[in-house]
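Heads up: the structure comes next, in structure tokens.
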Amino acid sequence: MSADDIDPSGSKNDNPRHIAIIMDGNGRWAQKRFMPRAIGHQAGVKAVRKIVEYCATHNIEVLTLFAFSSENWRRPQDEVSLLMDLFMATLGREISKLQRNDIRLKFIGDRSLFSERLQEKMTEGEAVTKDNTALTLVIAVNYGGRWDMCQAFQQVATQLATGALAIEDINPQLVSQYLTTADLPEPDLFIRTGGEQRISNYLLWQLAYTELYFTPTLWPDFDQHSLAEAIKSFKMRERRFGHTSEQVRNKSVTL
């Protein structure tokens, strides 16, 4: 069965609108081949291209990729520097391709620790592609779920202090409006490659009702067929959101 044999264009409760991925395993992929970790990260970029292309052509609305977590600064300095250089070079090459393919680019995370040049490139990419509609590609950089929630709470607290909000106004819907993903649907499908089975401070609020899919496949080996298999697994699950199976089957509720 090829990747194209799986059609992710089903009903609204069948097809994942938003897929979020932790791209794990670049370093281990390289080490298994007795290569420097840098080669693994470069191979990981190639895998990103394949997955973005698949999503753009198979009716996925949003793809969010965890590119660099707030905890990744703890890695050896030479690897962090390499990742920053690779990020900059990739942005330089890919923005025009995203524009040609009608893909919108969005970044989430705290940009303040990045170089001014890199921040400018990120802003440029968002501006150039802001009106594209084939796919929204979200890159989480220097991102952490706890950070996202804290910055949302800070904004809410400011609104409370000025009187723009009252305490009784605070509810999950309000908090969601202050998250970095406020303009996006919540993820339907979360994928983590590389064999680990945890979400590692990724989209903590947003993943509340997301279907989780873990695979031992290392990220550079995760291709279109791998994604199609994950989507197939997603489509076999029953998403009840607190309702009973009978309610869902009889379509007596709106999910």
Side-chain angles (χ1 to χ4, degrees), residues 1-35 37-68 86 90 93-94 97-98 100-106 132-140 184-200 202-203 206-207 210-239:
M1 179 176 59
S2 69
D4 288 332
D5 290 330
I6 300 173
D7 177 18
S9 60
S11 68
K12 68 179 182 179
N13 295 325
D14 189 33
N15 180 43
R17 295 179 63 196
H18 182 173
I19 298 175
I21 303 179
I22 290 182
M23 307 175 292
D24 198 7
N26 289 340
R28 283 175 284 154
W29 183 91
Q31 289 170 342
K32 285 177 62 176
R33 290 159 177 78
F34 304 101
M35 297 177 178
R37 290 176 62 87
I39 301 299
H41 293 306
Q42 292 168 1
V45 171
K46 295 179 181 179
V48 168
R49 293 192 189 106
K50 295 176 183 178
I51 299 308
V52 170
E53 179 182 350
Y54 185 94
C55 289
T57 56
H58 285 73
N59 303 317
I60 306 300
E61 294 179 31
V62 183
L63 172 66
T64 300
L65 302 176
F66 205 3
F68 191 84
L86 182 60
T90 301
R93 288 194 306 265
E94 302 298 325
K97 295 179 184 178
L98 296 176
R100 286 197 303 270
N101 289 282
D102 197 28
I103 297 172
R104 173 192 172 208
L105 180 63
K106 174 183 174 70
N132 295 341
T133 59
L135 171 72
T136 295
L137 173 61
V138 183
I139 307 296
L184 305 171
E186 292 187 346
D188 300 296
L189 173 61
F190 163 89
I191 300 170
R192 181 169 186 152
T193 64
E196 303 291 354
Q197 298 189 21
R198 54 180 177 267
I199 58 175
S200 295
Y202 183 41
L203 300 173
Q206 297 88 335
L207 292 178
T210 302
E211 298 297 323
L212 308 182
Y213 181 89
F214 299 99
T215 172
T217 303
L218 301 176
W219 176 248
D221 292 326
F222 191 85
D223 58 14
Q224 295 96 327
H225 180 73
S226 304
L227 179 56
E229 287 295 322
I231 292 173
K232 179 182 179 182
S233 172
F234 169 85
K235 294 172 109 175
M236 293 173 65
R237 304 183 189 187
E238 182 179 72
R239 307 186 76 201

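A quick note: this is a predicted structure, and the numbers were derived from the prediction, not measured. Reckoned from all heavy atoms, side chains included, excluding hydrogens, waters and symmetry mates.
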Before you tell me yes or no, could you show the steps for Ile19 and Leu227 under side chain to side chain contact (heavy atoms under 4.5 Å, CB included), namely the whole-Å CA-CA distance, both residues' side-chain angles and the distance that decides it to 0.1 Å? CA-CA 10 Å; Ile19 298 175; Leu227 179 56; 4.2 Å; yes
Nearest heavy-atom approach of Thr193 to Thr217 is CB-O, 3.1 Å
Separation of Lys235 NZ from Asn15 CG (nearest 0.5 Å): 6.0 Å
Tell me the closest heavy-atom pair linking Ala230 and Ile191, and the distance in Å. CB-CD1, 3.7 Å
Intermediate values then yes/no, side chain to side chain contact (heavy atoms under 4.5 Å, CB included), Tyr213 and Glu229: CA-CA 10 Å; Tyr213 181 89; Glu229 287 295 322; 4.3 Å; yes
If I take atom OH from residue Tyr54 and atom OG from residue Ser226, how far apart are they, to the nearest 0.5 angstrom? 10.5 Å
In the structure I gave you, are the side-chain heavy atoms of Ile22 and Phe190 within less than 4.5 Å of one another anywhere? yes
Within a strict 4.5 Å, meaning less than it, do heavy atoms of the His18 and Glu61 side chains meet? no
Across all chains, not counting sequence neighbours, the salt bridge (Lys or Arg N to Asp or Glu O under 4.0 Å) partners of Glu211 are Arg237, Arg239
Run the side-chain hydrogen bond (donor to acceptor under 3.5 Å, both in side chains) test against Glu196 and tell me which residues pass, sequence neighbours left out. Arg198
Taking all non-hydrogen atoms of both residues into account, name the closest pair between Ile60 and Pro16 and its distance. CD1-O, 3.3 Å
How far apart are the closest heavy atoms of Leu63 and Leu135, and which atoms are they? N-CD1, 3.9 Å
Identify the two heavy atoms, one from Arg17 and one from Asp188, that lie closest to each other, and give their separation to 0.1 Å. N-OD2, 2.7 Å
Are the side chains of Trp219 and Val48 in contact, using a 4.5 Å heavy-atom criterion? yes
Between Tyr202 and Ile21, which heavy-atom pair has the shortest distance, and what is it? OH-O, 3.5 Å
Can you tell me how far apart NZ (Lys106) and OG1 (Thr136) are? Round to the nearest 0.5 Å. 9.0 Å
My understanding is that only residues two or more places apart in sequence, or in another chain, count here; which of them pass side-chain hydrogen bond (donor to acceptor under 3.5 Å, both in side chains) with Arg33? none
If you round to the nearest 0.5 Å, how far is NZ of Lys50 from NE2 of His225? 13.5 Å
So, the side chain of Asn132 versus the backbone of Ile103: is there a donor-acceptor pair under 3.5 Å, distance only? yes
Run the side chain to side chain contact (heavy atoms under 4.5 Å, CB included) check on Lys32 and Leu218 step by step: do they pass? CA-CA 11 Å; Lys32 285 177 62 176; Leu218 301 176; 3.9 Å; yes
Test your reading of the model: is there a side-chain donor-acceptor pair from Arg28 to the backbone of Gly194, 3.5 Å cut-off? yes
Any side-chain heavy-atom pair from Gln206 and Thr64 closer than 4.5 angstrom? no
Basic-acidic side-chain contact under 4.0 Å: Glu94, Lys97: yes
Report the C-alpha separation of Leu86 and Gln42 in whole Å, then their side-chain angles, then the decisive distance to 0.1 Å, and conclude whether the side chain to side chain contact (heavy atoms under 4.5 Å, CB included) test is met. CA-CA 8 Å; Leu86 182 60; Gln42 292 168 1; 4.3 Å; yes
